[in-house]
Engineer: 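Okay, handing you the structure first.
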Amino acid sequence: MNGQKYPGWLDNCVFYEIYPQSFKDSNADGIGDFQGIISKLDYIAALGCNAIWLNPCFESPFGDAGYDVSNYYRTAPRYGSNEDLKRLFDEVHKRGMHILLDLVPGHTSVEHEWFRRSKQAELNEYTDRYVWTDSVWKEPAGYASLRGISDRDGSCMVNFFSNQPALNYGYYRPDPNEPWQQSIQDAGPQGTIRAMMEIMRFWLQMGCDGFRVDMAGSLVKRDEDGKGTMQVWKQIRKFLDDEFPDAAMVSEWGEPAQSLQGGFHMDFLLHFGSSHYNDLFRCENPFFAGRGDVSEFVKKYTESRKKSAGKGLICIPSGNHDMERLSRAIKGDKLKIAFAFLLTMPGVPFIYYGDEIGMRYLEGLTSVEGGYGRTGSRSPMQWDHSTNAGFGNSPKDMLYIRQDESPDRPTAADQISDKNSLWNEIKRLIALRKEHTALQSWGEIEIICAEKNMYPLAYTRYDDSEKLLVVLNPSDKKAELRTAYEIKETIYSFGGGVPAGHGMLVLEPNSFGIYQI
């Protein structure tokens, strides 16, 4: 990793994202909890995932599903106690797995004690913990704010929803005509950074293995090309390298050239920004639905790899709690081909709970805890055919979010018992990834076919020990690939990828293959 410290356990890692509210309810209150997660760790391990990203689990009024933290040092009682979370860490580690907590450093809830103190007119240690203007009649340019909410004179910047006041990390270039704008090195921003490091230290000492960082690129304001925010994360990275060198950090930033340079080990290519991630799975004509274009994604992906210069890993998730379900636009065997892509690319794969069984996006749900259009991707996990599909034994009307009530809704139990299911295909692909070092996090990649509006997509994965060719055809027509490579052996195939002479492959509709070259 170009001389930077790097947790070795990420070399061959596959993450499973858990939205705790909707994963498994152990006490029949309609909401998932830590004990429920513990009871399903063997399921996650059986799939082949060896790491977990746990969405926010701290105390919160849940105006934004826990991304509005009111106490960073206490778990939300609905999930269990700090001791229960510690037990979850221990049970994860017993299985040779790792777990990341979701850290929200950019804002808190309006109910956080820091904010209550910051609102006071009298100066105190939290006066500059948030971004305040010096007059209630003045808003921070380019940002929404809270006004007229306290005796303190000033407007407080908000990061996203109006219940999420922005923590103060300073301005990259403070306006000299606005003395309330602080620099990164001022006491207020440095106090915020120290507070965040203390929070990280607390949970890392308890046993978590690192953090996924919410809105990681949003900290410093009026930030030219992310330079100020990169400076903040480099400061935090030094603290982690000194005290917790095995702690992993993945950012919700979406610009790997900035986040990885700033010291993160991993960044996502996501559904926002210029990644063209949506071209693959979530647009009018997605590539993996068999009727789209992959060329712009490949161009952006290649550019991101070049700019990040090998300083970390670029990760492509199946989805997350902020996206429509993968299965909304991609159906049947095409889902298997999409996962063949996700599990044969460099970086660390992330699987959103339920995507491995093809859980559906639920249309038209009323927003729950700030979910709005995202609510349909957050429904309770479907385990089996018992009460509430095995999620828990509460009355149906107590469920955190309404469940898929379709008679043919997929369940984990049905998928596990069907050797041709999506779940078993993903299990086989994860096992294949673990068997071949070229397919793992740091294996190199060369794209050899990604023509505009055409199929197939083809690339090589290689390291010092082997070189593999991956060819994917999620279209409903045959596709041909001519290559100078000699195909020595078929490592894995689905749907009819057939070598047809030297350097020639014929891919049947809805098929993929992995070949030794």
Side-chain angles (χ1 to χ4, degrees), residues 9-10 12-24 32 37 40-55 92 95-102 209-210 212 248 250 252 266-271 277 280-282 286 288 313-331 333-361 374 377-383 410-412 415-416 421-434 439-441 472 512:
W9 59 269
L10 293 177
N12 186 18
C13 201
V14 179
F15 271 91
Y16 190 89
E17 178 189 351
I18 293 177
Y19 192 72
Q21 298 94 316
S22 295
F23 193 61
K24 176 64 177 173
I37 296 170
K40 293 298 184 181
L41 289 177
D42 289 340
Y43 164 86
I44 296 169
L47 182 64
C49 295
N50 51 15
I52 291 168
W53 158 23
L54 183 64
N55 288 134
V92 165
R95 292 162 173 81
M97 301 163 69
H98 294 82
I99 184 168
L100 304 185
L101 294 183
D102 209 322
D209 297 297
R212 175 268 189 185
V250 57
E252 184 193 33
M266 302 173 277
D267 189 18
F268 295 112
L269 286 182
L270 289 171
H271 54 299
Y277 170 90
L280 302 177
F281 311 117
R282 296 170 178 85
F288 282 101
L313 299 168
I314 298 173
C315 306
I316 309 170
S318 72
N320 66 29
H321 57 288
D322 287 333
M323 304 181 198
E324 299 166 356
R325 283 277 183 189
L326 186 65
S327 64
R328 192 182 193 193
I330 302 172
K331 313 290 184 183
D333 285 345
K334 296 180 191 298
L335 274 172
K336 298 177 181 179
I337 302 170
F339 271 102
F341 167 77
L342 292 165
L343 293 166
T344 58
M345 287 292 283
V348 177
F350 281 74
I351 299 173
Y352 182 50
Y353 87 96
D355 280 355
E356 77 277 12
I357 61 171
M359 275 181 63
R360 298 163 180 148
Y361 176 82
R374 305 172 295 181
S377 295
R378 301 175 176 184
S379 59
M381 179 66 177
Q382 296 151 202
W383 293 104
T411 69
Q415 293 257 323
I416 290 170
S421 69
L422 176 63
W423 191 93
N424 275 301
E425 190 68 31
I426 292 170
K427 179 179 180 177
R428 288 189 287 268
L429 286 165
I430 293 175
L432 185 75
R433 183 182 178 94
K434 291 180 179 180
L439 293 176
Q440 295 171 16
S441 301
L472 305 144
F512 68 86

Engineer: With R282, which residues qualify under salt bridge (charged side-chain N to carboxylate O under 4.0 Å, His left out), at least two apart?
Structural biologist: none
Engineer: Could you check whether any side-chain heavy atom of F341 comes within less than 4.5 Å of a side-chain heavy atom of L280, counting everything from C-beta outward?
Structural biologist: yes
Engineer: Can you tell me how far CZ of R433 sits from CG of L342, rounded to the nearest 0.5 angstrom?
Structural biologist: 9.5 Å
Engineer: How long is the span from the OH atom in Y19 to the CZ atom in R374, to the nearest 0.5 Å?
Structural biologist: 7.5 Å
Engineer: Could you report the tightest heavy-atom contact between M97 and A45, atom names first, then the distance?
Structural biologist: SD-CB, 4.1 Å
Engineer: Under the criterion side-chain contact (heavy atoms from CB on, under 4.5 Å), I'd like the reasoning laid out for M381 against Y43: C-alpha separation, chi angles, the key distance, then a yes or no.
Structural biologist: CA-CA 13 Å; M381 179 66 177; Y43 164 86; 3.7 Å; yes
Engineer: Is the closest side-chain heavy-atom distance between V250 and F15 below 4.5 Å?
Structural biologist: no
Engineer: Tell me the closest heavy-atom pair linking N424 and Q415, and the distance in Å.
Structural biologist: ND2-O, 3.0 Å
Engineer: Can you name the residues that form a salt bridge (charged side-chain N to carboxylate O under 4.0 Å, His left out) with D209, not counting sequence neighbours?
Structural biologist: none
Engineer: Measure across L422 and G358 and return the closest heavy-atom pair with its distance rounded to 0.1 Å.
Structural biologist: CD2-N, 3.6 Å
Engineer: Keeping the roles fixed (side chain from K434, backbone from G48), state whether a donor-acceptor pair exists under 3.5 Å.
Structural biologist: yes
Engineer: With sequence neighbours left out, what residues match F281 under ring pair (Phe, Tyr, Trp, His ring centres under 6.0 Å)?
Structural biologist: Y277, F288
Engineer: Got a sec, which residues hit salt bridge (charged side-chain N to carboxylate O under 4.0 Å, His left out) with K336, two or more places apart in sequence or on another chain?
Structural biologist: D333
Engineer: Let me see the working for L10 and H98 under side-chain contact (heavy atoms from CB on, under 4.5 Å), right down to the final yes or no.
Structural biologist: CA-CA 10 Å; L10 293 177; H98 294 82; over 6 Å; no
Engineer: Do I52 and L41 come close enough that some side-chain heavy atom pair is under 4.5 Å?
Structural biologist: yes
Engineer: To the closest 0.5 Å, what do you measure between SG (C49) and NZ (K427)?
Structural biologist: 12.0 Å
Engineer: According to salt bridge (charged side-chain N to carboxylate O under 4.0 Å, His left out), who are the partners of R378, at least two apart in sequence or on a separate chain?
Structural biologist: D322
Engineer: What residues, two or more places apart in sequence or in another chain, satisfy ring pair (Phe, Tyr, Trp, His ring centres under 6.0 Å) together with H321?
Structural biologist: W53, Y67
Engineer: Heavy atoms only: give me the nearest P20-N55 pair and the separation to one decimal.
Structural biologist: CD-CB, 3.7 Å
Engineer: Against S318, only a single residue in Y353, F339, F350 fulfils side-chain contact (heavy atoms from CB on, under 4.5 Å); can you say which?
Structural biologist: F339
Engineer: Side chain of E425, backbone of W423: donor and acceptor closer than 3.5 Å?
Structural biologist: no
Engineer: For the CG atom of L269 and the SG atom of C315, what is their distance to the nearest 0.5 Å?
Structural biologist: 8.5 Å
Engineer: Could you check N50 against C13 for side-chain contact (heavy atoms from CB on, under 4.5 Å), going step by step and ending with a plain yes or no?
Structural biologist: CA-CA 6 Å; N50 51 15; C13 201; 3.6 Å; yes
Engineer: Hey, could you give me the CD1/CD1 distance between I430 and I351, rounded to the nearest 0.5 Å?
Structural biologist: 4.0 Å
Engineer: For the residue pair Y352 and S377, what are the closest heavy atoms and their distance?
Structural biologist: OH-O, 2.8 Å
Engineer: Under 3.5 Å, is there a donor-acceptor pair between the side chain of K331 and the main chain of R328?
Structural biologist: yes
Engineer: What's the separation between atom CZ in R325 and atom CG in N320, rounded to the nearest 0.5 Å?
Structural biologist: 10.5 Å
Engineer: Let me see the working for I18 and I44 under side-chain contact (heavy atoms from CB on, under 4.5 Å), right down to the final yes or no.
Structural biologist: CA-CA 10 Å; I18 293 177; I44 296 169; 3.8 Å; yes
Engineer: For the residue pair V348 and S441, what are the closest heavy atoms and their distance?
Structural biologist: CG2-OG, 3.7 Å
